[in-house]
Amino acid sequence: MKVLCVAEKPSIAKEVTNILSGGKSVRRNSPSKYNSNFDFKFDFPGHGVCDVTMTSVTGHINRTDFPAQYGWGKVPPGRLFELPIEVKIDKDKAAIHRNISTEARNSTYLMIWTDCDREGEAIGYEIFEAAQKGNRSISFNHVWRSHFSHLERNHILNAARNPTGLDMKVVDAVNCRQELDLRVGASFTRLLTDALRGQKNIPSPVSYGTCQFPALGFVVDRYKRVKSFKEEKFWYLQADVEKDGQTAHFNWTRGRFFDRLYVITLYQECMKNPHGKIDSVTKKPTSNYKPYPLTTVQLQKDCSTFYKMSAKATLDAAEKLYTGGWISYPRTETDKFPRAMNLKSIVETQTQDSRWGQFARELLDGGFSQPREGKNDDKSHPPIHPVKFQKLEAIKDDNQRKVYEYVVRRFLACCSTDAKGFQTVATLVWGNEIFKATGLEVSELNYLKVYTYRKWSSSETLPPFQQGESIPIKFSEVKEGKTGPPNHMTETELIALMDANGIGTDATIADHIDRIGARSYIQKVKKGGSEIIVPTELGIGLIEGFSSINFENNISLSKPSLRKRLEVLLKEVETGRRTKDQALKENVDLYRKAFVTTAENQAILINEYKKYQT
DNA sequence: GCAAGGTC
């Protein structure tokens, strides 16, 4: 009996083959260059020793699109909410598809080894359909779905022995998302492109996407807040005292007031007393926590902050490092390592490095501490970590070198201990007012020795104050300050906002940012050594246009709420609380109404765009 | 020529 196994990507096929075959497998070429077939034997409980072929796809192999007769210009865009949609084999994936059909011919069972997430389940179903094309006798009941979250040996063996069936509710949820994204994206894109055609400086196409627009909305919103900012003056008190020849600056605990006369009145009350009193002095241990294990989104944010790399460039570099075998799979939401994972052996591989080798050695000599555990687990991949050692000098590509160094330092930091120190807080009572001064003394750097991106150093320490002592006020004043504008949007913040609002996934956030750039909705601008993101005239015009139109039920096409609502709905489809058809109808109706309203108000869109044109 | 989601 033969079992055909199919993984979501070649690397998983290879790893799982190694584990299940005990290293004894034979590789065969397939019609698709990157997706080899591996033959071996494995003992499936209840089926005995079976012939196994393990192969792979590269993500989805089908494409959802409108049939050619409903192409651009051939049908009014509004009809795209009801016209039939076609699921075809992606023509770039024809060879992969053919390989599965061929390999299924002499197979009795099909075993799905795609990632255990929503999209993975749907890809599993696409694989099943491809297998059925080659072999009608593989029915849905002949599909085994393995469940694994990482590539540790026993975990994979266990997954091979305890499969379930494909969960069609999860597949339905994905189909629902695909259909909605396509109908909304295609209809609005054609509408916007047609509406704005002929205006000045309009690129083509003017696209709309359920992720593109909320992302653009964040950028425009921030830009407007910066532009409309008006500074305000405020006043506050400050007092310095001196002891043993050392000056300590005390800050007012009441913060600041926008009323100058009020602050002056308070100040005059204080000035009646030449002395203040040290009300309390506390010295307590404090920690600077080591970072959580690394997720994709965090990697992108950090490389943007520390290296000024774009999210896309970071992901591209990480991808190369992954296919080269240097780091683990770079698309993960998981921020806790599986308990069974042997982290020390990974630390061991880094001991030979000239920069952090010594640090890694110290971890193995007793400094190791189990990494912190975050709350996220995508049940597919562990946090990003180094796999093999590589000398930095040997990595030719700048971005890859930076990402590798970051991944290693972050990993070693996770396996180290928190930095330790002491914080001293002194409270000064002067007249009716209370002031505070703090001092920090760092005693152990620990993880900060390797995680050089973060600074935590001793500040000025406080003189040896005694509780209750009376002390002369050496200097004091009413200080004036002014509020500053919010900062312009950075890529780091945009990634964080999208992530927090469920706009896109770890694997696609970078693409969306890239795309709204390619569509000329946003641009990156150098500003004082860093890079900010600002909207273009078209970007502002589109967002302002949409917010000037009154939509039924007050929905917004440029805010994250609709996409968030879709996510909630998809969860309900996954758990069976709602059917795919219900969820789809509800959302399609919602967007269809918004489409009609938009079409009726095209003039508003055009006017808003003109308003922001220079 | 359109989307978002996989991945190379």
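We name chains A, B, ... by the order of the sequence lines, and we start the count at 1 in each one. Below, each value reflects all heavy atoms present in this structure, side chains not excepted, and no hydrogens, waters or symmetry copies.
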Rounded interatomic separation in angstrom, taking [atom1] from [X] and [atom2] from [N]:
| X | N | atom1 | atom2 | result |
| --- | --- | --- | --- | --- |
| A:Ile123 | B:dT7 | CD1 | P | 6 Å |
| A:Met498 | B:dA4 | CE | C1' | 11 Å |
| A:Ile516 | B:dA4 | CD1 | C1' | 14 Å |
| A:Gln212 | B:dC2 | CD | C1' | 9 Å |
| A:Lys312 | B:dG5 | NZ | C1' | 14 Å |
| A:Glu126 | B:dG5 | CD | C1' | 10 Å |
| A:Arg63 | B:dA3 | CZ | P | 10 Å |
| A:Glu179 | B:dC2 | CD | C1' | 16 Å |

Practice prompt. Salt-bridge test for A:Arg183 and A:Glu82: reply yes if a basic N is under 4.0 Å from a carboxylate O, no otherwise.
Written response: no

Worksheet entry | Presence of salt bridge, A:Arg592 and A:Asp589, under 4.0 angstrom | yes

Give the nucleotide from the list [options] with an atom nearest to the side chain of [X].
| X | options | result |
| --- | --- | --- |
| A:Lys9 | B:dT7, B:dA3, B:dC2 | B:dT7 |
| A:Arg177 | B:dA3, B:dG1, B:dG5 | B:dG5 |
| A:Asp65 | B:dA4, B:dC2, B:dG5 | B:dC2 |
| A:Arg190 | B:dG5, B:dT7, B:dC2 | B:dC2 |
| A:Glu8 | B:dT7, B:dA4, B:dC2 | B:dT7 |
| A:Thr210 | B:dA4, B:dG1, B:dC2 | B:dA4 |

Within the 4.0 Å heavy-atom criterion, would you say [X] contacts the bases, only the backbone, or no part of the nucleic acid?
| X | value |
| --- | --- |
| A:Tyr208 | sugar-phosphate |
| A:Ser187 | nothing |
| A:Phe213 | nothing |
| A:Thr193 | base |

So, OP1 or OP2 of [N]: does either fall under 4.0 Å of a side-chain N or O from [X]?
| X | N | result |
| --- | --- | --- |
| A:His512 | B:dG5 | yes |
| A:Arg331 | B:dT7 | yes |
| A:Ser204 | B:dG1 | no |
| A:Thr505 | B:dA4 | no |
| A:Arg519 | B:dA3 | yes |
| A:Arg515 | B:dA4 | yes |
| A:Gln178 | B:dA3 | no |
| A:Tyr70 | B:dC2 | no |

Item to complete: Identify, residue by residue, the members of residues 561-599 of chain A with a heavy atom below 4.0 Å from DNA chain B, and return them in order of residue number, or none.
Response: A:Arg563

Worksheet item: Does A:Phe188 have its ring centroid less than 6.0 Å away from the ring centroid of A:Phe213?
Response: no

Run the side-chain contact (heavy atoms from CB on, under 4.5 Å) test against [X] and tell me which residues pass, sequence neighbours left out.
| X | result |
| --- | --- |
| A:Leu315 | A:Thr296, A:Gln300, A:Arg331 |
| A:Pro205 | A:Trp72, A:Thr189, A:Thr193, A:Arg519 |
| A:His512 | A:Cys211, A:Met498, A:Thr508 |

Fill in: Of A:Pro10 and A:Gly504, the one whose closest DNA chain B nucleotide lies more 5'
A:Gly504

Worksheet item: Where each residue is assigned the nucleotide of DNA chain B containing its nearest heavy atom, which of A:Trp72 and A:Gly502 is assigned the position nearer the 5′ end?
Response: A:Trp72

Discussion item. Do A:Asn376 and A:Thr334 make a side-chain contact, defined as non-hydrogen atoms from C-beta onward lying under 4.5 Å apart?
Written reply: no

Discussion item. Does anything in residues 549-560 of chain A form a salt bridge (charged side-chain N to carboxylate O under 4.0 Å, His left out)? List the pairs, not counting sequence neighbours.
Written reply: A:Glu552-A:Lys593

Item to complete: Using the test salt bridge (Lys or Arg N to Asp or Glu O under 4.0 Å), find all partners of A:Asp117 that sit at least two apart in sequence or belong to another chain.
Response: none

